[in-house]
Amino acid sequence: MPYQTINPFNNKLIKEYQTHNDKQVEQALSTAHALYKSDWAQGDIKQRIKVLHKLSELMASRVDELAEVVSVEMGKLIGQSRGEVQICADIAKFYAENAEEFLKPVPYKSDLGEAWVEHHPIGVIMAVEPWNFPFYQLMRVLAPNLASGNSVLVKHASIVPHCAETFEKLVSEAGAPKGAYTNLFISQDQVASIIDDDRVQGVALTGSEKAGAIVAARAAGKLKKSTLELGGNDVFAVLDDADIDHAAKAGAQARVSNAGQVCTAAKRFIIHEKVADEFLKKFTEHFKALKIGDPLDKSTTLGPLSSADAVKTLSKQVDDAVKHGAKLHFGGKKVTGNPGNFFEPTILTHITRDNPAYFEEFFGPVAQVYIVKNDEELVKLANDSHYGLGGSVFTTDLNRARKLASQIETGMVYVNSPTDTAAELPFGGVKRSGFGRELSDLGIKEFVNQKLVVLAAKS
Ligand SMILES: NC(=O)C1=CN([C@@H]2O[C@H](COP(=O)(O)OP(=O)(O)OC[C@H]3O[C@@H](n4cnc5c(N)ncnc54)[C@H](OP(=O)(O)O)[C@@H]3O)[C@@H](O)[C@H]2O)C=CC1
Ligand SMILES: CCCCCC(=O)O
């Protein structure tokens with residue numbers, strides 16, 4: 001796949017980027033490994049924390065400029081791109097302020113003697129990242145690993161090379177030495193060869209199940225740990241005692257944010273039968289009010305999908321769903337007469353379990369609406385999924401919410417809010433949504449050696 005910047009708003013090719021050859025890859029690997037062996041990685045964490053503070057300041061001071069790079073390259077609304085840049089600054093700051101605490105030795109009580117667990121970097125980490133949050137996905141893997149002393153090589157998605165190059169420059173400008181973070185415009189075969197290399201000790205991927213399965217299998221074949229954050233088919237549950245105005249507005253936003261291209265977007269709307277008509281009416285009104293347009297125009301409320309292929313995939317999914325009996329309550333088609341990758345906000349109802357759509361993730365502004373009689377039916381439907389990433393429950397009864405949150409088989413559940421993300425909270429899922437956690441104290445420990453040391457009581 002060529003590394004190209006194509007503006008999804010008008011499908012104009014802006015720039016094609018030169019790929020890296022095997023010699024350049026070896027140079028990057030060798031530099032990253034040498035840095036891991038140096039005092040930079042093995043020595044005082046304070047030198048690394050200083051870089052994260054600077055990186056946070058740099059991103060926070062360039063929100064508008066960096067946000068435009070995102071919106072032009074993958075079509076995110078400019079306001080949402082600004083939010084993405086800001087959370088990147090927050091993540092860098094969070095690890096700058098907390099990594100030392102997370103990685104300090106942990107004492108263990110033992111009859112064997114004085115015991116503690118130390119946290120050491122393990123080497124070069126290969127990261128493979130997607131286009132939908134082109135800076136956030138990079139910061140999510142860089143910040144904890146730079147703090148712990150691991151060197152990071154990244155293969156970013158081939159449709160966001162400007163974001164990839166820009167982020168690498170920011171890390172360098174923040175004072176990170178060469179080798180701490182290296183962006184590689186490489187092929188999938190080159191990724192495989194890098195994973196095979198003994199200097200690489202871990203692999204992190206965010207993306208599709210298909211990519212995750214291939215990359216994690218390659219890593220496992222070399223006995224290397226991987227973390228995967230893959231697709232999701234998150235429920236947005238609305239109980240009979242919920243604030244319907246709030247749920248309908250939050251639900252519409254949760255489905256169409258980033259044009260629906262979010263792994264933790266609300267995708268399956270499971271509504272209690274007592275409030276289904278009211279919810280669907282208000283939810284549909286919000287979809288009708290959406291305004292497609294240039295992501296750089298702040299009056300736009302629904303941007304383009306990331307690529308023409310993404311529109312083709314989504315269009316086929318919707319057509320197939322209807323062919324298998326789903327009812328098209330609203331929308332359903334690619335927007336015509338526009339050079340951009342626009343798809344109508346769409347609502348599908350009456351999806352039965354034998355419809356392929358029932359188990360499919362729709363990575364675009366397409367909502368599936370289901371109606372249930374009670375909480376038991378809700379949980380059964382919510383958990384009848386190959387995925388298990390996030391999910392949300394809207395209700396005024398928090399005890400009922402707590403019970404449901406514990407019963408829903410995902411990595412994250414939010415009550416009275418769509419699934420979100422924050423530096424201090426773990427992020428990740430189960431089942432085919434992947435494994436491992438990013439962010440928070442959990443994210444920094446995925447790729448460290450948690451080494452036990454015991455001073456034996458009896459010599
Ligand atoms: N969890 C998440 O946040 C995301 C999930 N997705 C899921 O993925 C689906 C498709 O989106 P898409 O962008 O095509 O996702 P992909 O999984 O194809 O791409 C994600 C990243 O993986 C790389 N990649 C893909 N296959 C391989 C491979 N065999 N070896 C090494 N690297 C590989 C891609 O490179 P390249 O770009 O060069 O193909 C990209 O950098 C979406 O519908 C959604 O379900 C997508 C984006 C984010
Ligand atoms: C809100 C941001 C979540 C990003 C999750 C993803 O699509 O990878």
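Side-chain atoms are counted along with the backbone in the values below, which use heavy atoms only and exclude waters and symmetry mates. From a predicted model like this one, the values you see are computed outputs, not experimental measurements. Counting starts at 1 for both ligands and their atoms, following the listed order.
The distance from ligand 1 to the heavy atoms of T206 drops below 4.0 Å at these ligand atoms: 1 (N), 2 (C), 3 (O), 20 (C). Counting the atoms of ligand 2 from 1 in the order shown, those under 4.0 Å from a heavy atom of V262 are 7 (O). Of all atoms in ligand 2, numbered sequentially from 1 with element shown, those under 4.0 Å from a heavy atom of E229 are 6 (C), 8 (O). Within the listing of ligand 1, atoms 1 (N), 2 (C), 3 (O) sit less than 4.0 angstrom from a heavy atom of E229. Interface atoms of ligand 2 facing Y136, defined by a heavy-atom separation under 4.0 Å, are 4 (C). Every atom of ligand 1 is numbered from 1 in the order shown, and the set under 4.0 Å from a heavy atom of C263 is 1 (N), 2 (C), 3 (O). Applying the 4.0 Å criterion to heavy atoms of V215 picks out, from ligand 1, the atoms 30 (N), 31 (C). Residue contact check: F133 has heavy atoms under 4.0 Å from atoms 2 (C), 4 (C), 7 (O) of ligand 2. The ligand atoms of ligand 1 that sit less than 4.0 angstrom from a heavy atom of I214 are 29 (N). In the vicinity of H156, heavy-atom distances shorter than 4.0 Å reach the ligand 1 atoms 41 (O). Those atoms of ligand 2 with a heavy atom of T421 less than 4.0 angstrom away are 1 (C), 2 (C).
Ion pairing between a basic and an acidic side chain is recognised when a charged N comes within 4.0 Å of a carboxylate O; D197 and K224 show no such pairing. Salt bridge K76/E84: present, at least one basic N to carboxylate O contact under 4.0 Å. A salt bridge is defined here as a Lys NZ or Arg NE, NH1 or NH2 lying under 4.0 Å from an Asp or Glu carboxylate O, and E209 with R432 meets this definition. Taking 4.0 Å as the cut-off between side-chain N and carboxylate O, D320 and K316 count as a salt-bridged pair. Ion pairing between a basic and an acidic side chain is recognised when a charged N comes within 4.0 Å of a carboxylate O; R62 and E68 show no such pairing. With respect to R437 and E229, no salt bridge is recorded, no charged nitrogen being found less than 4.0 Å from a carboxylate O. Salt-bridge formation is not detected for the pair E129/K155: no Lys NZ or Arg NE/NH1/NH2 atom is positioned less than 4.0 Å from an Asp or Glu carboxylate oxygen.
A donor-acceptor contact shorter than 3.5 Å is absent between the side chain of Q137 and the backbone of P130. Although no hydrogens or angles enter the test, the distance criterion places no donor-acceptor pair under 3.5 Å between the side chain of T182 and the main chain of K178. Looking only at distances, a side-chain donor or acceptor of R268 sits under 3.5 Å from a matching main-chain atom of A382.
For atom 5 (C) of ligand 1, the nearest non-hydrogen atom of the protein is G207 O, 3.3 Å. Of the protein's non-hydrogen atoms, the one nearest atom 22 (O) of ligand 1 is V128 CG1, 3.3 Å. Nearest non-hydrogen protein atom to atom 45 (O) of ligand 1 is E361 OE1, 2.4 Å. The protein heavy atom nearest to atom 12 (P) of ligand 1 is W131 NE1, 3.6 Å. Remark: minimum distance from atom 1 (N) of ligand 1 to any protein heavy atom is reached at L230 O, 2.7 Å. In terms of protein heavy-atom proximity, atom 10 (C) of ligand 1 is closest to S208 CB, 4.1 Å. In terms of protein heavy-atom proximity, atom 40 (C) of ligand 1 is closest to E129 O, 3.4 Å. Among protein heavy atoms, the minimum distance from atom 47 (C) of ligand 1 is reached at P130 CB, 3.5 Å.
Note: an N/O pair closer than 3.5 Å links C263 and ligand 2 by distance alone. For ligand 1, none of its N or O atoms has an N or O atom of Y3 under 3.5 Å away.
Ring-plane geometry between Y3 and F185 is classed as tilted, the angle between the planes lying from 30 to 60 degrees on a 0 to 90 degree scale.
F167 does not carry K169 over the face of its six-membered ring by the limits of under 6.0 Å from the centre and within 45° of the normal. Taking the ring centre of F283 as origin, the terminal cationic atom of K288 falls outside the region bounded by 6.0 Å and 45° from the ring axis.
The heavy atom nearest to atom 38 (O) of ligand 1, out of those in K155, M1, Q188, is found in K155. When the heavy-atom distances from atom 3 (C) of ligand 2 to T419, T264, D420 are ranked, the shortest goes to T264.
For Q137, the closest heavy-atom approach to ligand 1 falls below 4.0 Å. For Q137, the closest heavy-atom approach to ligand 2 falls below 4.0 Å.
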- Query: Are Q368 and Y370 close enough, and set up right, to give a side chain to side chain donor-acceptor pair (under 3.5 Å), and what steps lead you there?
  - Reply: CA-CA 7 Å; Q368 300 184 32; Y370 297 87; 2.5 Å; yes
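For V262 against S257, the heavy-atom pair with the smallest separation is CG2-O, 3.7 Å.
Contacts between Q261 and ligand 2, counted as non-hydrogen atom pairs separated by less than 4.0 Å, are absent for every part of the residue. With a 4.0 Å cut-off on non-hydrogen atoms, K210 does not touch ligand 1 at all. At a heavy-atom cutoff of 4.0 Å, ligand 1 is contacted by no atom of I159, backbone or side chain.
Side-chain atoms of Q27 and T31 include a donor-acceptor pair closer than 3.5 Å.
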